[in-house]
Structures are given as structure tokens and as C-alpha cells.
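Worksheet for the structure shown next.
By convention here, the first residue in the shown sequence is residue 1.
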Amino acid sequence: MGLFKGASQSSHKRQARNTSGSPPTALAGVTYAWDMISDLLAWGPNASDVLGLPPKDLPKTGQAFAQLVEAGCGLSRQDAIGSPEGSSEGSPGAYDTRYALRFEPDRVVMVQDAGRWQPDAHGRPAFARGQLRVDLASSSRDLLPVRLKARSELLCRIQDSINEALRVSQTCTLIVGALEDEADAMGEILRKLRPMMRRPDHFAVLEPNRFALTLTCCPAADAPSAMRRIMGLVKDHPAAPSLRLGAACSPDHTFKATKLLRFAEQALETGGTRHEAAALYDGRPAAAPRAAEQAPFDIVAALNDRSLTLACQPMVEAQTRAPALTQACASRPGAQGGLVPLGPVPGLAEANLALLVDGRMLELAADYLVRHPGERLALPVSSRTLQDAEWLPMLAAHLGARPGIESRLVVEIPEAALAACRKTLGRLHAMKALGVALALTGFGTGHVPSAQLRTLPVDLLKIDGVFIQPLKRSTDDRLYVRTLIDTAQHLGIATAAEWVDDEATARLLTAWGVDYLQGGLFGEPAAVPQPAGLQQLLKLARA
């Protein structure tokens, strides 16, 4: 076991009972990581199977994912993050919500979405990591709410109109209208719109104060005039002053009914923010933010003035609750006190910013181990850093300058890094040759099959917290986590669980044989104070 030779002996007992080495059962949910600054959304390797979408159709941004969420059918992830309704009691930054996703006109699924978010320098959500689980039992067509069934019927009619228009080389425009608190006006609105409707056109009520009008043979260039005609037809109605319209066209904007309706509703909302009575969907992509802006604070400036801080959180032995490791992470003092943890580091065209951050954290970690000779420190390293040719010489230089700390340093590698680059395995062996221990984080997300674990020179497997958080309510997650533990014990590798925030979860994991526990139950991350002499030098340099 190397550095973790003091781990619980339950693994040896269970290894005698289980020699099959069976792989973990299939994960029913899919993990994700959402950078809310850049809006990039990264999925686990089983996303296509869980969501039933081809890889090319998986939403790559938070905005694209939000377009799949059915309004009025639960609190969406974006609304749950940071809100009291979606937060988990006793777990800072945790969220747990349930809502509906629509993939096709007649395909709707209910999902359970749980995870944790990190704030930016101003306390606003900046990064989220969680697990999305499809509830197949509640997704049966007979069990869906009446509102979803009615919307499915409407979307199927819209799709038929699109298909028929394309068949005869015509166009189809969808106009969505909204009124303010006029639930009894829809019948009168339909009567007034009859003169402009042809035989293939149809009118439908989306909500008590919202309607949809499908117009065939109406290209995008004619959509603004069609909306002006609607305004003119209903101008005598008492609700006319509050009427707002949004439109989208096929094939100009999309060939799919689900997207056409979302685009029209998006145009409606955009027009409302601009105080426009009618708006046509604009499909032009927004300009991507600069890499330097895709961070919770100015990382380049923090590196230059050496204000990045090493924050530490205790990791304890599961059986005795005695401190075993110190978990390190990069952070910076917040504007109103406290710590701002550093999320994903954006890329720069002229430099590997992740390598610069990890190099600075390595320097602080090495100094920490020198000042605390009785402690062991776990330091996370990003995938981009592992792929950089400068990382290994940098690690060797710091270890060579401080002889003896290598036996107390644990380098944490994300499981996804092993799937991203084949060279990573050779670099793991090179780091082991330098004397450090290796931990694999994000264990269970599916990037590394259990058969490959046998070939990895890792000393510790850290079970991803997205599987630990729902243990109290999810039978599937309990089964999956227990299978992960059994697999690690069969291979003779120590295990750790993160996001352990309550005693019930800690006892459950201990009974299953987890060796180490980490989470709010044992202490939150705290900044490591720098030596007084170094602080004076930094003040003089900044001045």
C-alpha cells in the first residue's frame, strides 16, 4: 500500500471472499462539470447512453442544456443553484432538484439533479459539479403531468407543419404571444386572428396567458409584418396593450419543433428585456468571452502578486477519525473575507495557465511540508498540467530542493486525465519514481474501466462526491458506491470518500470499508498563513 499502509484491513478480509474482480455495475446517472463563467458543460463518458442522445447532440453549454428544460415542471439546475428551494440542508453549496427535460416532441423525461457549486470572488456561483439521473419510472407517458402531454401534442403538430412545409419547399413560422394576467382572453384572441389564418395554420394555448400560432408559407423576412398584423387585429381587445410576441422560422432557424418553440419563446423573452412588443429570434452566436475573463478573479494578477493561497482541509481515517492527510486546494482571500476556491483554470494562447497555477501550489505545498514535518499533504493537479512537458522537471526540482518531503506528498490526478492523453500513464510511473504517492480523483465517473485500474500505479482512489451526496436518499447510489469500494478492496487500493457532511453518511461508508473520509463533517478548508518574513516581503513588492 506504500504511503497508505495504515489503511483499514477490511480490504484484505474482503479480498479473500471476493476474487472475481467484477467491474462496477453500470452507473444509472451521468456526471457533469459546468463552468458558469465560460458556460462550458462537460459530461461523463456515459452521457449518450443515459440521456439517449448521440454524442454530437449532447448540449455543450449551460445555455444549450437550459433549452431542454421544460418550464414550470420543477426547479431547473440554474434556478436551484444558490436558491434556498434547491439547496441541501447542512451542506454549503449543495443543490438537489427535480425537473423535466424534453428531447423530442413526444419524448420527455424526469430527472434528479444534485451536486455542488463554488462561488466567485463576489460570492456568485462560478462552477458546479454534479450528477444527473433519469427517473425512468416517472417518465412514463401515462405518469407525466397534463401540461406536458398538451405541450407534446402541440409540438407534434408543429413538427408535422414543418415537415409538410419542407416537403413542398415552403416555410413555417411559429409566433408565441404572451399577455399579462388575461387568462380568459384566449378565445377572443383566436376569433380575432381567424382572418389571417390559412387552412394548414393552427392556434394553440400554451398557458392561461400564452398562445402559439403556426403560420405556413411565412418566411423569416415576413415574420415581422405578420406580428404587426396580429397587433393590428387585436388592437381593440382590452389586453392588447400588454401583448408581446416572439417568432422563429423553419428552416431558417431549425428543422425541429422543440427548438422552434424554444427559439420563439427566447425571442419573446429577449423582446421583453428590450421593451419591444415583437421580436424575431436571432440565431447569430454571441461573441465568446476572452480567456482572461473566464475566471472567478484575475488569475494572472494573482500569480504575479503571489496572492494565491494554499487552503487545507482535513482528511481522517474512517475507523478512528484520526487526522490522516491534509487536502490542499488553490484559493484566494475573498473581497468580504473568507476564501474563494479556484475552479477550472482557463486556457491562454500564450501560456499554460494551469501549469503556472499548479506550479505555484506545488511551491506552497512543498514549503508547507517542510514547516510541518509530521503531516502528509494531498495536492491536486489538472489534466493540462500532466500533459505539459515542464511538469515533471518542475516536480523533481521542488522535491530535490527539499529532500524528504516526497514520502509525505500525494499528487492527485483526475480520472478524466487518463482518458484524455495516453502519455499520462507513463508520467504516473515517472512521478512514482520520484517517491511521491498518487491518488486518483473522480473515481466512479467511468473514464477508467476497472480492468485498467490494475495497471495504474495509484495508492488511493477517491470516490467522487457526486455519488456520496445522495447516499441518504438513493438506493442506486448506495449500490454503486458499495461496488466501487469492493472493486478497490479487491485490487488492494485504499479508498477515500469526499463530500461527507453528516454522521449517518460517515458511519455508512465506514461500515462498507472506506479507509478515509473528507468533508464538512471534519472541517472546512482553511487558509494556510504564510511566514511573517515572507508576508513583509510580499507587502514591499506590492507597494
Side-chain angles (χ1 to χ4, degrees), residues 8 10-11 14-15 17-18 20-33 42-52 88 91 94-98 109-116 129-139 318 414-416 418-419 439-454 456 458 460-491 493-502 504-519:
S8 65
S10 58
S11 59
R14 188 163 303 189
Q15 187 173 354
R17 298 194 302 266
N18 177 16
S20 61
S22 58
T25 56
L27 176 59
V30 56
T31 59
Y32 61 84
W43 295 99
N46 62 330
S48 293
D49 295 333
V50 173
L51 300 180
S88 296
S91 302
Y95 58 91
D96 194 343
T97 185
R98 179 182 170 84
V109 296
M110 301 300 298
V111 297
Q112 191 78 31
D113 195 343
R116 299 203 175 183
R129 186 160 59 90
Q131 179 187 187
L132 190 72
R133 183 184 296 278
V134 176
D135 188 347
L136 297 177
S138 300
S139 299
E415 183 180 298
L418 297 174
L440 193 68
T441 63
F443 179 50
T445 53
H447 293 282
V448 178
S450 58
Q452 188 179 348
L453 287 175
R454 300 176 183 273
L456 300 180
V458 296
L460 179 68
L461 296 174
K462 294 188 69 174
I463 302 173
D464 200 309
V466 299
F467 309 122
I468 304 300
Q469 179 174 310
L471 283 183
K472 291 186 292 184
R473 63 162 174 80
S474 173
T475 302
D476 290 336
D477 280 290
R478 287 197 292 269
L479 175 62
Y480 186 67
V481 169
R482 192 160 189 177
T483 307
L484 292 175
I485 297 170
D486 288 346
T487 301
Q489 290 177 340
H490 171 75
L491 297 174
I493 305 176
T495 54
E498 56 182 11
W499 296 9
V500 181
D501 296 325
D502 59 89
T505 301
R507 291 181 179 178
L508 190 66
L509 292 167
T510 302
W512 291 345
V514 170
D515 299 296
Y516 302 100
L517 304 174
Q518 175 190 339

Could you report the tightest heavy-atom contact between [X] and [Y], atom names first, then the distance?
X: F467; Y: F443; result: CE1-O, 3.8 Å
X: G29; Y: Q131; result: CA-OE1, 3.7 Å
X: G44; Y: H447; result: CA-NE2, 4.5 Å

Salt bridge (charged side-chain N to carboxylate O under 4.0 Å, His left out) contacts touching residues 504-513 (sequence neighbours left out) =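 Residue pairs passing salt bridge (charged side-chain N to carboxylate O under 4.0 Å, His left out), neighbours aside: E503-R507.
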Can you check whether [X] reaches [Y] side chain to side chain, under 4.5 Å on heavy atoms?
X: D96; Y: Q112; result: yes
X: V50; Y: L132; result: no
X: T475; Y: L479; result: no
X: W499; Y: V466; result: yes
X: L461; Y: T487; result: no
X: L484; Y: T495; result: no
X: I463; Y: I485; result: yes
X: R454; Y: H490; result: yes

Just to verify, what does [X] make a side chain to side chain donor-acceptor pair (under 3.5 Å) with, not counting sequence neighbours?
X: D476; value: none
X: D464; value: R129
X: T510; value: none

Check: [Y] main-chain N/O paired with [X] side-chain donor or acceptor under 3.5 Å:
X: Y516; Y: A494; answer: no
X: Q489; Y: G513; answer: yes
X: D477; Y: I468; answer: no
X: E415; Y: G446; answer: yes

Partner residues of T441 under the side chain to side chain contact (heavy atoms under 4.5 Å, CB included) criterion, sequence neighbours left out = E412, P414, K462
request  = Could you walk me through whether L509 and L471 pass side-chain contact (heavy atoms from CB on, under 4.5 Å), step by step?
outcome  = CA-CA 10 Å; L509 292 167; L471 283 183; 3.9 Å; yes
key: For D49, all residues meeting salt bridge (Lys or Arg N to Asp or Glu O under 4.0 Å), sequence neighbours excluded   =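 In terms of salt bridge (Lys or Arg N to Asp or Glu O under 4.0 Å), with neighbours along the sequence ignored, D49 is linked to no residue.
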